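Working notes, beginning with the structure itself.
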Amino acid sequence: MSSKTMNILLWIAQGLLGALFIMVGLMKTFQPIEEIAKSLPWVAEYSSSLVRFIGISELLGGIGLLLPSILKVQPKLTVWAAYGLTLVMILAAIFHISRGEYSGVIANLIIGLVAAFIAWGRSKKVIILPKS
């Protein structure tokens, strides 16, 4: 596969995953807990501080997938954001397994694999260099 094709695939992955985490992060950070609990039942069982922390982490991770690479300012932060979100998705899968919520595990693993692909691709295949 050419580096141009790989770069396009990585940008698509970064854009989709970045948008996903920004949207989910905004929801968990700013929506009332009662509203979030309608679509994510586990939220009602945990402290609102934990939900807000997860939301802020996801929001920052989504921004980290995009801005450093777009602006070419510390683009290695995109790699670290991707590694961090890979870990978050592994932990989310473990969380859902512990609760017997197996349908959520597939989504966590797919999203985690996409994040790992971004980390690998931006650190090994198509590295974005910082502005001079």
Side-chain angles (χ1 to χ4, degrees):
M1 177 180 307
S2 74
S3 64
K4 183 176 181 177
T5 303
M6 180 63 77
N7 191 41
I8 291 168
L9 288 174
L10 286 165
W11 274 116
I12 291 169
Q14 282 175 254
L16 291 174
L17 214 59
L20 172 73
F21 277 107
I22 289 169
M23 288 188 307
V24 171
L26 286 171
M27 177 189 72
K28 289 178 187 167
T29 302
F30 296 110
Q31 272 191 351
I33 296 297
E34 300 77 29
E35 286 297 311
I36 303 168
K38 289 178 184 175
S39 58
L40 303 171
W42 64 266
V43 166
E45 300 171 31
Y46 293 88
S47 75
S48 60
S49 299
L50 176 63
V51 176
R52 300 301 186 205
F53 171 77
I54 292 168
I56 291 167
S57 299
E58 290 173 336
L59 179 59
L60 292 174
I63 291 169
L65 285 177
L66 298 170
L67 276 186
S69 291
I70 290 169
L71 299 176
K72 294 185 178 184
V73 175
Q74 295 293 320
K76 64 184 172 200
L77 293 176
T78 292
V79 174
W80 286 105
Y83 280 130
L85 291 171
T86 301
L87 178 62
V88 167
M89 289 297 100
I90 291 168
L91 295 173
I94 293 167
F95 173 77
H96 288 297
I97 289 168
S98 74
R99 293 176 49 85
E101 300 169 347
Y102 300 105
S103 61
V105 173
I106 300 299
N108 295 143
L109 294 178
I110 291 170
I111 293 167
L113 285 172
V114 173
F117 168 70
I118 294 167
W120 169 79
R122 288 296 179 208
S123 65
K124 304 284 186 217
K125 290 295 180 184
V126 186
I127 300 167
I128 295 176
L129 299 174
K131 277 194 267 187
S132 306

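Just so you know, these numbers come straight off a predicted model, no measurement behind them. Throughout, residue positions are numbered sequentially from 1 according to the sequence presented. All values below come from the heavy atoms of this structure, side chains included, with hydrogens, waters and symmetry mates left out.
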Compare every heavy atom of R52 with every heavy atom of M27, then report the nearest pair and how far apart it is. O-NH1, 4.3 Å
Distance, nearest 0.5 Å, that separates CG of N7 from CZ of R122: 4.5 Å
Show, in sequence, the C-alpha distance, side-chain angles and deciding distance for I22 and L66, and conclude whether the side-chain contact (heavy atoms from CB on, under 4.5 Å) test is met. CA-CA 10 Å; I22 289 169; L66 298 170; 4.0 Å; yes
Using atom types as modelled, flag every donor-acceptor pair under 3.5 Å from a side chain in residues 81-91 to any protein atom, sequence neighbours excluded.
unit_1, atom_1, unit_2, atom_2, d
T86, OG1, A82, O, 2.8
T86, OG1, A116, N, 3.1

Co-members of the apolar cluster containing L77 [side chain, <4.5 Å]: none
Could you tell me whether W80 atom CH2 has more than 12 heavy atoms of other residues or ligands within 6.0 Å of it? no
Scan for side-chain hydrogen bond (donor to acceptor under 3.5 Å, both in side chains) pairs involving residues 20-29, sequence neighbours excluded, and state none if there are none. K28-E58
How far apart are the closest heavy atoms of L10 and F117, and which atoms are they? CD2-CE2, 3.5 Å
Keeping the roles fixed (side chain from Q14, backbone from L65), state whether a donor-acceptor pair exists under 3.5 Å. yes
Do L60 and L26 sit in one hydrophobic cluster, given that two such residues count as connected whenever their side-chain heavy atoms are within less than 4.5 Å of each other, even indirectly? no
By side-chain contact (heavy atoms from CB on, under 4.5 Å) - contacts of Y46 (at least two apart): W42, L50, F95, R99
Determine whether L59 and F21 make a side-chain contact, defined as any pair of heavy atoms from C-beta on separated by less than 4.5 Å. no
Spell out, yes or no, whether V73 and L67 are grouped together once hydrophobic residues are joined by side-chain heavy atoms under 4.5 Å, including indirect joins. yes
For S2, all residues meeting side chain to side chain donor-acceptor pair (under 3.5 Å), sequence neighbours excluded: T5
Can you give me every donor-acceptor pair (side chain of residues 123-132, partner residue at least two apart or in another chain, under 3.5 Å) with its distance?
unit_1, atom_1, unit_2, atom_2, d
S123, OG, A119, O, 2.7
S123, OG, W120, O, 3.3

Identify whether L71 and W11 are in the same connected component of the hydrophobic contact network (ILVMFWY, side-chain heavy atoms under 4.5 Å). yes
Value rounded to 0.5 Å, distance of OG1 in T78 from CD1 in I63: 12.0 Å
